Every structure is written in structure tokens, then in C-alpha cells.
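The structure under discussion appears below in the form of C-alpha cells.
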Amino acid sequence: LPRCDAFITHAGAGGLITSIMTGLPMVFVPLFGDQPPNAICAAEAGTWIVLDPVALTAESVRDATRAVLSEHRYRESVQRVKDEATALPDHRQAVRWLEYVAQHCATPTAAV
């Protein structure tokens, strides 16, 4: 993906995260599972274009791809999301908090 200018994807978590961290604008064609909710969240953020797989045509893919390549707002939006993601705490911090909660805040459960 680092050599690409845009990414056409089904909006799966792996491709979505990789594309965000690469800073690529995307065109989504969500099919099932986590893909439709991923695409909806991305579209609400103004970051990508979502196409309906039932109504998909070569022209709709072409037009959406041209839009994410030519309209600066898509690249700017994905950069904003990338900046937010890179500013999140490291996963090791989450593990430390989970360990702390498990050791100090767990309440015993009654035997059933």
C-alpha cells in the first residue's frame, strides 16, 4: 500500500487499519460482517466513499476513485484519523491497566 494513491476495499478491519496508517483515501464496497459498520463509521468521519455493492458499476467505482484522488478533503480526513490513531496510547499501557484492574479491582463472585 505505501506505493498506492488510493485503496478500493471491502472495508475489512485489516485493510482499513493498514490504509489509515498508510494515509490512503479509500473507496469501500462493504459486503458482510464488520465491513458495513466499518464503512458507515468511515463515511461519517468524511474520510472515504462507500459504494452499494448491489448497485456497483464500473462507472461508480471509477467516479468514486477519481473523487478520493482529486478532492483534497479525503486525504486530509484520512490524515486526521491517522494522527488520532498514532496519538493513542501504546498497547503496553492498556495491558498495564488491565493487569492493575485484575489485581486490585476485581470483586469475588459468589459460587453458583
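Being a predicted model, the structure only gives us computed values, none of them experimental. Scope of the values below: all heavy atoms of this structure, side chains included, with no hydrogens, waters or symmetry mates.
- Under the side chain to side chain contact (heavy atoms under 4.5 Å, CB included) criterion, Q93 pairs with P89, R96, W97, not counting sequence neighbours.
- The structure places NZ of K82 at 10.5 Å from CZ of R75, a figure rounded to the nearest 0.5 Å.
- Note: D63 CG to T57 OG1 = 7.5 Å, rounded to the nearest 0.5 Å.
- Residues meeting the side chain to side chain contact (heavy atoms under 4.5 Å, CB included) test with D90, sequence neighbours left out: R92.
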Test side chain to side chain contact (heavy atoms under 4.5 Å, CB included) applied to R66 and R62, step by step: CA-CA 6 Å; R66 285 181 176 166; R62 180 197 63 217; 3.5 Å; yes
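- The distance from atom CG of L56 to atom CG of L31, rounded to the nearest 0.5 Å, is 9.0 Å.
- Within the hydrophobic cluster formed by Ile, Leu, Val, Met, Phe, Trp and Tyr side chains joined at under 4.5 Å, directly or through other members, V95 stands alone, with no partner residue.
- Panel note: side chain S19, backbone L16; no donor-acceptor pair is recorded below 3.5 Å.
- Residues A39 and V50 share a closest heavy-atom pair of O-CG2, 3.4 Å.
- Applying the side chain to side chain contact (heavy atoms under 4.5 Å, CB included) criterion to E84, with sequence neighbours excluded, gives R80.
- A distance of 9.5 Å separates CG in N38 from CD1 in I40, rounded to the nearest 0.5 Å.
- Across all non-hydrogen atoms, the minimal contact from V54 to D52 is N-OD1, 3.0 Å.
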Atom pairs and distances, side-chain donor-acceptor, residues 21-29, under 3.5 Å, sequence neighbours left out:
from : atom 1 : to  : atom 2 : distance (Å)
T22  : OG1    : T18 : O      : 2.6

For residues 1-15, run the donor-acceptor check on the side chains, cut-off 3.5 Å, and write out each pair with its distance to 0.1 Å, sequence neighbours left out.
from : atom 1 : to  : atom 2 : distance (Å)
T9   : OG1    : A11 : N      : 3.3
H10  : ND1    : G12 : N      : 3.0
H10  : ND1    : Q35 : NE2    : 3.1

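- From R73, atom CZ reaches atom OG of S77 across 7.5 Å, with rounding to the nearest 0.5 Å.
- In terms of heavy atoms, Y74 sits closest to V68 at CD1-CA, 3.6 Å.
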